[in-house]
Peer 1: 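What follows is a single structure, and I will ask about it in a moment.
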Amino acid sequence: MEKIFALITAIALCSALSTAVLAHHSFAMFDQAIKVEFTGVVGEVQWTNPHVWIMVDVPQDDGTAIRWGVEFTSKVHLTRRGFSPDLFSLGDKVTFSVSPYADGSPGGRFFWAQLDNGTYYCDGGARSVCEEKN
Amino acid sequence: MKFLSLLHKKLSVTFIALIVISLTAIITTSVQAQDGTVYPANAAEVSYAELDSLPDFRGLWFPAFRQVGGDEPVLIGEALAKWEVYAARMAIDPNFEVPETTNNCEPDGMPYIMNFPYSVEFLFTPGKITVIQEALMQVRRIFTDGRPIPARDELDPNYFGYSRGHWEGNTLVVTTIGTQPGQRLGRPGITNSDQLTITERIYLDEENPDQLHLDWTFEDPKVLAQPWNMTHTFRRDRTWEQLEYICSQNDRHLLDSDGQTLPPEEIRN
């Protein structure tokens with residue numbers, strides 16, 4: 001019983017902590033255990049609250065493209081971390097790593113991005129990636 | 001005769017108009033729930049000198065999530081049953097999201113306004129402290145001018161409730177009632193009833209004035225078997241001002257009937 005309670009408390013705590021970055025909804029819709037990488041062309045930049053979004057068109061073998069949505073935290077948090085609205089521009093080629101949507105929708109929560117010039121930008125949880133690569 | 005009839009009609013119209021005006025006045029008065037009293041916080045005579053003796057709460061305060069303490073809540077009744085359902089679902093489904101009003105861009109209200117993962121700012125004016133939460137730009141007012149706290153049944157329950165505060169030395173002690181039922185109480189999955197009383201003790205750390213302590217006591221006889229104490233710590237930042245945060249600017253998520261956040265429609269499978 002104690003173990004169950006500890007587990008429940010741990011889950012509750014995780015849940016509470018998980019609000020720390022996204023805030024207006026939890027991380028539950030993302031599969032945090034997995035990271036997916038993809039390269040595409042920036043098709044839309046939404047520098048907004050409650051979340052910043054970059055829509056990326058990922059080319060397919062048949063010549064078409066699938067639009068992926070990358071969800072960042074709020075522009076408030078990103079501004080404080082040194083991101084700026086002109087970091088991603090329409091037409092830029094960018095590689096992203098995300099925690100994908102659990103339901104398989106093309107998109108996910110931002111983990112890191114590598115710009116075409118090789119520079120990495122990272123979410124708080126991916127700080128070590130940026131420290132290693134940049 | 002015709003003249004008398006016309007006069008009668010005119011008087012009737014005037015009479016009805018008077019009734020309508022009187023009713024409107026009564027309704028307006030009750031909605032505003034004001035008795036015309038001017039409390040010291042808004043009085044014509046004002047002295048700012050009292051502010052000099054108060055501790056320096058200026059700057060932005062960011063919650064330190066790894067420094068949350070306190071005891072475990074002892075839930076009862078419907079609150080316990082609801083918590084058990086959520087806990088069971090979380091245990092089997094890591095993607096289960098506890099339904100909360102904030103998932104839909106609604107303000108958090110009290111008490112979550114205080115430790116939402118953005119900054120809070122305190123504004124001191126004579127007889128009143130205004131707290132601004134950066135996220136969703138929420139505002140609450142704490143009256144420190146000695147005005148009475150209304151009876152619970154006189155309040156129209158709302159997001160932030162009615163807060164009355166006073167200073168005990170350098171500690172701000174605040175009592176809040178009148179928050180609307182169903183808001184997050186302490187952690188996701190626990191919500192308050194209409195009987196919640198929140199007591200806050202807010203004070204600077206004695207050794208580190210750039211640390212602020214917020215101690216909560218929740219008393220809710222419909223939710224908790226005993227008072228629940230929580231402690232929070234904040235760190236001060238003097239370099240930033242609060243930034244604009246309008247949640248409805250670009251809230252691309254919808255919730256399903258189970259309160260779960262869906263990916264945006266344009267990319268949803």
Side-chain angles (χ1 to χ4, degrees), chain A residues 4-33 43-44 46-53 55-58 66-71 73-80 99-109 124, chain B residues 62-63 65-66 68 72 83-84 86-91 93-98 100-106 108 112 115-119 134-137 184 186-190 237 239-240 242-253 255 260-269:
Chain A
I4 292 173
F5 190 70
L7 178 68
I8 289 172
T9 306
I11 290 167
L13 194 62
C14 285
S15 177
L17 288 175
S18 72
T19 63
V21 183
L22 280 173
H24 104 284
H25 61 67
S26 79
F27 288 162
M29 61 188 167
F30 303 113
D31 190 340
Q32 301 279 2
E44 204 177 330
Q46 297 168 358
W47 182 255
T48 52
N49 288 309
H51 298 281
V52 168
W53 288 87
M55 297 299 181
V56 188
D57 295 318
V58 180
I66 291 181
R67 178 156 281 203
W68 282 60
V70 181
E71 181 171 2
T73 181
S74 64
K75 75 171 186 175
V76 171
H77 278 319
L78 287 185
T79 300
R80 292 222 169 93
S99 299
Y101 286 113
D103 74 351
S105 294
R109 180 191 159 214
Chain B
F62 289 89
F65 282 96
R66 302 194 189 284
V68 177
E72 282 299 307
W83 171 255
E84 284 174 341
Y86 288 155
R89 282 195 67 174
M90 282 191 276
D93 179 6
N95 296 118
F96 174 71
E97 182 177 18
V98 174
E100 294 201 278
T101 54
T102 54
N103 297 351
N104 218 5
C105 263
E106 265 190 78
D108 321 282
Y112 191 29
N115 69 322
F116 207 75
Y118 287 76
S119 67
E134 183 172 46
L136 285 79
M137 300 160 74
R184 179 196 285 204
R187 65 176 61 157
I190 303 176
D237 185 295
T239 65
W240 285 96
Q242 287 193 333
L243 299 172
E244 183 184 270
Y245 184 122
I246 307 285
C247 199
S248 58
Q249 180 183 22
N250 189 23
D251 183 26
R252 303 176 66 84
H253 294 290
L255 302 181
Q260 305 298 292
T261 306
L262 296 167
E265 203 165 6
E266 67 179 282
I267 58 166
R268 193 183 312 151
N269 267 353

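Lettering of chains follows the sequences in order, A, B, ..., and the numbering in each one begins at 1. Just so you know, these numbers come straight off a predicted model, no measurement behind them.
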Peer 1: Which one of A:Gln46, A:Lys75, A:Gln32 has the most heavy-atom pairs closer than 4.5 Å to chain B?
Peer 2: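 Of the options given, most contacts go to A:Gln46.
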Peer 1: Which answer fits B:Ile267, side chain, backbone, both or neither, if we ask what part of it has an atom under 4.5 Å from a heavy atom of chain A?
Peer 2: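 It is both, since atoms from each part get that close.
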Peer 1: How long is the gap from SG on B:Cys247 to CE on B:Met137, to the nearest 0.5 Å?
Peer 2: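 The CE atom of B:Met137 is 12.0 Å from SG of B:Cys247, to the nearest 0.5 Å.
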Peer 1: Give the member of A:Ala33, A:Pro106, A:Ala102, A:Gly69 that has the highest number of heavy-atom pairs under 4.5 Å with chain B.
Peer 2: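 Heavy-atom pairs under 4.5 Å are most numerous for A:Pro106.
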Peer 1: Any side-chain heavy atom of A:Trp53 sitting closer than 4.5 Å to one from B:Pro264?
Peer 2: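 The answer is yes; the side chains approach within 4.5 Å.
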Peer 1: Any chance you could measure B:Asp108, atom CG, to B:Asn115, atom CG, to the nearest 0.5 Å?
Peer 2: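 Answer rounded to 0.5 Å: 9.0 Å.
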Peer 1: Determine whether the side chains of B:Ser119 and B:Gln242 contain a donor N or O and an acceptor N or O closer than 3.5 Å.
Peer 2: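 Their side chains do contain a donor-acceptor pair, which is all the 3.5 Å distance test asks for.
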